[in-house]
Amino acid sequence: MATESRQSIISNTKLQDSSSKLIFGDNILSSQFFRDYADMEILKKIQPEDIEDVSERYVPLYSTERESDTVKKVNISRYLSLHDDDNKLNLPLYIISLIEHKTKVEYNVGMQILRYMIYIWEDYEKEMTKQYPGISSRRDFRYPPILPIVYYEGAEKWKASLDISERILCGELLGRYLPHFQYQLVCLHDYSNEDLLGKGDEISLAMLINKIQCEEDMSAFVNIPGEQMREILKDTPEYLLEVIAKLLRALLYKMNLPEEETETVVSRIKERKMARLFENVKMDIQAERRERAEEEKKRIEAEKKRVEEEKKRVEAEKKLNETEKRLEEVKSQCDTTEQKLDAALQTHEIYRLISRMLRKNASETEIKKSLMLAFPLTEEQAEEEYRKVYEE
């Protein structure tokens with residue numbers, strides 16, 4: 001049973017997505033993320049109790065393929081002082097944070113986010129109109145601000161445009177009349193281990209684990225002083241220790257670490273024995289890289305096979321077309337020969353008819369009428385046939 005459980009984890013191709021859901025599904029970790037990494041001064045004060053996860057309201061309806069994305073409703077009312085004139089309709093004061101999780105560069109992410117934002121605003125408008133009919137047509141009606149964040153774990157440099165207007169052809173012609181917005185990009189690999197450890201909180205430790213993608217990353221993680229990690233986790237709630245343990249377990253399974261050794265490491269996290277985390281543990285750090293290489297090799301071979309089969313299909317179709325063309329040519333030649341034979345046979349029959357009637361001393365008029373009755377000939381054609389035979 002344990003083997004089956006381990007196998008199901010290893011074969012899960014969405015482990016990174018699962019890690020993202022573990023991290024951003026928790027309000028303590030999310031509040032730490034906003035304070036440490038969101039580029040907004042007001043969010044540096046946010047506490048877990050200010051956050052409501054509303055992902056289930058938006059993500060499943062927007063797309064079934066984006067389960068790793070999270071949408072948070074962040075209450076800023078106690079950190080923001082507004083005059084009565086600034087919020088005449090007494091609308092709720094909160095920020096919608098849309099966190100897109102990416103493991104590779106996606107060049108159309110700006111348009112994806114724009115669709116997401118419009119969907120959220122439309123839903124807000126419907127909800128407010130349901131509570132206060134006609135409110136969206138009021139002059140003072142406002143939509144909640146949305147902070148779009150792309151959390152990127154990949155090692156490749158992010159080259160996608162940050163501004164949606166850069167994805168519009170000849171956008172400079174319309175300038176300010178185009179939609180302009182930028183998403184905040186949080187590139188995990190832009191932060192050194194020292195930067196992350198310097199934050200001194202659980203979200204940064206979780207990000208340290210997610211950052212591991214190669215041998216060098218793992219070696220650097222193994223060499224982090226246990227005292228630093230122990231200091232971070234000294235007041236961590238038990239359930240958050242479990243979250244971090246799950247992140248590390250997923251990573252170690254991906255690296256093909258034997259189950260017994262994996263659970264030993266995980267248990268040390270739960271027991272806060274960070275100084276001995278990887279004591280007496282030997283890891284196959286290259287396992288995931290080999291697995292990816294093998295998958296890529298299989299993909300390339302499958303693509304080669306598909307291309308070869310397509311080539312054979314095209315060649316077979318070409319030969320079939322050539323055969324059909326040749327058959328058409330032969331049929332055309334046969335039709336022409338048949339037409340010539342029919343014409344020769346008709347000429348022979350016409351000759352015989354005229355000859356018989358001449359021997360009976362029939363008049364020219366009688367012969368022509370007989371030709372028109374016996375063959376599909378006009379008067380002019382009968383005249384021409386009579387003339388040819390008479391001349392002969």
Side-chain angles (χ1 to χ4, degrees), residues 11 13 60-66 104-112 114-116 118-119 122 160-161 164-174 177-179 293-392:
S11 61
T13 58
L61 295 176
Y62 181 73
S63 172
T64 57
E65 299 176 356
R66 301 162 75 96
K104 62 181 180 180
V105 179
E106 293 187 21
Y107 292 98
N108 208 34
V109 66
M111 185 59 71
Q112 294 171 5
L114 179 58
R115 292 193 194 102
Y116 225 144
I118 291 174
Y119 181 86
E122 286 180 339
S161 302
I164 184 65
S165 64
E166 294 178 18
R167 292 286 286 178
I168 300 176
L169 189 64
C170 301
E172 66 277 2
L173 297 178
L174 296 180
Y177 300 108
L178 293 175
E294 187 63 29
E295 289 177 356
E296 181 65 13
K297 181 181 177 182
K298 289 179 181 178
R299 187 193 67 78
I300 292 173
E301 288 176 353
E303 181 64 16
K304 284 182 178 178
K305 184 177 179 181
R306 187 194 67 78
V307 171
E308 190 62 31
E309 289 175 351
E310 179 66 13
K311 184 179 177 182
K312 289 179 180 178
R313 187 192 66 78
V314 171
E315 289 176 352
E317 188 174 337
K318 182 180 178 182
K319 288 181 180 179
L320 180 61
N321 290 337
E322 290 175 352
T323 302
E324 289 178 347
K325 183 179 179 182
R326 181 58 183 158
L327 286 173
E328 286 295 327
E329 291 174 353
V330 172
K331 183 177 179 298
S332 178
Q333 291 173 0
C334 290
D335 290 343
T336 302
T337 302
E338 187 177 354
Q339 290 171 4
K340 289 179 179 179
L341 287 172
D342 289 344
L345 182 60
Q346 179 173 294
T347 300
H348 177 69
E349 293 297 324
I350 290 172
Y351 183 85
R352 288 181 61 191
L353 176 60
I354 295 174
S355 296
R356 287 198 306 270
M357 295 190 73
L358 283 174
R359 286 197 294 270
K360 293 178 180 180
N361 295 318
S363 67
E364 180 181 340
T365 301
E366 289 175 331
I367 294 174
K368 289 178 182 178
K369 286 184 178 179
S370 296
L371 288 174
M372 291 171 65
L373 289 171
F375 305 98
L377 298 176
T378 64
E379 186 175 350
E380 290 77 10
Q381 290 171 333
E383 170 74 29
E384 176 66 21
E385 294 296 338
Y386 175 79
R387 184 187 60 75
K388 288 192 293 185
V389 174
Y390 186 77
E391 287 177 353
E392 291 178 4

Notebook entry, point to check: Does the pair Lys331 and Glu328 meet the rule for a salt bridge (charged side-chain N to carboxylate O under 4.0 Å, His left out), with working shown?
Noted result: CA-CA 5 Å; Lys331 183 177 179 298; Glu328 286 295 327; 5.7 Å; no
Next item on the list: Report the C-alpha distance between Gln112 and Glu106 in whole Å, list the side-chain angles of each, state the deciding distance to 0.1 Å, and finish with yes or no for side chain to side chain contact (heavy atoms under 4.5 Å, CB included).
Entry: CA-CA 10 Å; Gln112 294 171 5; Glu106 293 187 21; 3.3 Å; yes
Note to self: If you apply the rule side chain to side chain contact (heavy atoms under 4.5 Å, CB included), what do you find for Arg306 with Glu303, and how did you get there?
What the structure shows: CA-CA 5 Å; Arg306 187 194 67 78; Glu303 181 64 16; 2.8 Å; yes
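Atoms CD1 and CD1, from Ile350 and Ile367 in turn, are 12.5 Å apart once rounded to the nearest 0.5 Å. One finds the CD atom of Glu349 at 5.5 Å from the CG atom of Leu345 (value rounded to the nearest 0.5 Å). Cys334 contributes atom SG, which lies 10.0 Å from atom CG of Leu327 (distance to the nearest 0.5 angstrom). Interatomic distance, Ile168 CD1 to Leu178 CG, rounded to the nearest 0.5 Å: 4.5 Å. With values rounded to the nearest 0.5 angstrom, Thr336 atom OG1 is found 7.5 Å from Gln333 atom CD. Note: Ser363 OG to Leu358 CG = 10.0 Å, rounded to the nearest 0.5 Å.
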Review item, side-chain donor-acceptor pairs of residues 369-378, under 3.5 Å, at least two apart:
unit_1	atom_1	unit_2	atom_2	d
Ser370	OG	Glu366	O	3.0
Thr378	OG1	Gln381	N	3.2

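In this structure, Gln346 has no side-chain hydrogen bond (donor to acceptor under 3.5 Å, both in side chains) partners at least two apart in sequence or on a different chain.
Put simply, the side chain of Arg387 reaches to within 4.5 Å of the side chain of Glu384, judged on heavy atoms.
Within the structure, side chain to side chain donor-acceptor pair (under 3.5 Å) contacts touching residues 312-322 (residues at least two apart or in different chains) are Glu310-Arg313, Arg313-Glu317.
Between Pro179 and Ile164 the shortest heavy-atom distance is O-CG2, 3.4 Å.
The environment of OH in Tyr107 is crowded: more than 12 heavy-atom neighbours from other residues, nucleotides or ligands sit within 6.0 Å.
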